[in-house]
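Before any comments, here is the structure.
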Amino acid sequence: MPELPDVEGFRRRFERLAKGRTVARVDVEARGRMLLAPESAVRSALRGRRLGATRRIGKWMFAKAGGDLWLALHFGMTGDVEEVGERDPPYARLVLRFRGGGGVAFTDPRRFGRIALAASPEAFADEHGLGPDAMELTERAFLRRIEGRRVGAKALLLDQGVLAGVGNLWADEALWQARIHPATRVEDLEDEARRRLFRAMRSALRRALRKPGDYEALPRTWLLPHRRVGGRCPRCGERLAPGAVAGRTTFWCPKEQRR
DNA sequence: AGGTATGTTAATTG
DNA sequence: GCAATTAACATACC
């Protein structure tokens, strides 16, 4: 489930469990693609360090590990942050145990997640071509960044280099709230529609951040609670159209979101 | 058993 | 160079 609000929830949990704690033991249960830094580097960046501030840019979470190094985590499709008790949680890929007891784990059954090290969150975002976080970006900056693009509106929202944090579900929600067909090309959107899209995205994410990751808590008047085959548009009752846009499963209201 | 999945990236094609 | 599409990654779940 990890999109911006979910990752923000992971960050808060990580911070609650780990901030101010000193790492006594590091277990790395990840190899290959999951590790963007050598295992030995991850180990030495964390072992013996007191964990500090946490940050989030888009779908990446960062935790300062002292020694001017930050741990960076991406949660792929199935990543999570879990508290560690006696034994490692299932699918643990990185386990940190603290001096004095307790610990925190990065779990990820499907192994699409990533474990990395960074000099700073900003430097990491630069190196990896991450655009500004969707909750930090201003409307003006959004308009400037999408100017001249010809991609479809959904592909635009999913492009982490344009803005970081929006994934498949929240892209659908934002487009539905803004009444924009997901395949509409940006160049065909009036300035007013572009602003509408930005505001819909921002307000939807802001509301989601009240209870990160809790999709049950979303208003029933929104798209996401109805986003399934056979679901109906909560505004007009029309059956939602399922399809593939930008290579991803997409739902929209065929009556209200026209090209 | 087969289809699907909230993410990213490389390869391919237009 | 840009944009769209598809496959691949690795695994769980229905």
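So you know, we letter chains A, B, ... as the sequences are listed, proteins then strands, and number each from 1. From a predicted model like this one, the values you see are computed outputs, not experimental measurements.
Neither OP1 nor OP2 of B:dG7 sits under 4.0 Å from any side-chain N or O of A:His74. Look at A:Arg185 and you won't find any side-chain N or O under 4.0 angstrom from OP1 or OP2 of C:dA3. OP1 or OP2 of B:dG7 lies within a sub-4.0 Å distance of a side-chain N or O belonging to A:Arg248. A close approach under 4.0 Å does occur between a side-chain nitrogen or oxygen of A:Thr249 and OP1 or OP2 of B:dA5.
No donor-acceptor distance shorter than 3.5 angstrom exists from the side chain of A:Arg97 to the backbone of A:Ala24, with no hydrogens or angles considered.
Using cut-offs of 30° and 60° for the angle between ring planes, the A:Phe10 and A:Phe75 rings count as tilted.
In this structure, A:Phe112 atom CZ and C:dA12 atom C1' are separated by 11 Å, rounded to whole Å. To the nearest angstrom, C1' of B:dG7 lies 15 Å from CG of A:Leu157. As a whole-Å value, the separation of A:His128 NE2 from B:dT8 P is 13 Å. Per the geometry, CE belonging to A:Met34 stands 10 Å off C1' belonging to C:dA10, to the nearest Å. At whole-Å resolution of the value, CG in A:Asp159 and P in B:dT9 are 10 Å apart. A straight line from CG of A:Asp108 to P of B:dA5 spans 18 Å, rounded to a whole angstrom. For A:Leu36 and B:dT8, the CG to P distance is 13 Å, given to the nearest whole Å. Atom CD of A:Glu3 and atom P of B:dA5 are 14 Å apart (whole Å).
Across all strands shown, A:Gly152 has heavy atoms under 4.0 Å from sugar-phosphate atoms exclusively, and none from any base.
C:dG1 and B:dA10 are spaced 15 Å apart, taking the P atom of each and rounding to whole Å. Across the P atoms, C:dA12 and B:dT9 are found 23 Å apart, a figure rounded to whole Å.
Checking C:dA12, C:dC9, B:dG7 against the side-chain heavy atoms of A:Arg33 singles out C:dC9 as nearest. The side chain of A:Arg150 approaches C:dC2 more closely than any other nucleotide in the set B:dT8, C:dC2, C:dT11. Distances were taken from every side-chain heavy atom of A:Tyr91 (C-beta onward) to each of B:dT8, C:dT11, C:dA3; the shortest belongs to C:dT11.
On a pure distance criterion of 3.5 Å, a polar donor-acceptor pair joins the side chain of A:Arg110 and the base of C:dA10.
The residues A:Arg248 and A:Asp172 are annotated as not salt-bridged, no charged nitrogen and carboxylate oxygen being separated by less than 4.0 angstrom.
Pair assignment for C:dA10: none, as no Watson-Crick or G-U wobble contacts are both less than 3.5 Å.
A pairwise comparison of heavy atoms in A:Leu46 and A:Val23 identifies O-CB, 3.2 Å as the closest pair. Between A:Leu36 and A:Ala116 the shortest heavy-atom distance is CB-CB, 3.8 Å.
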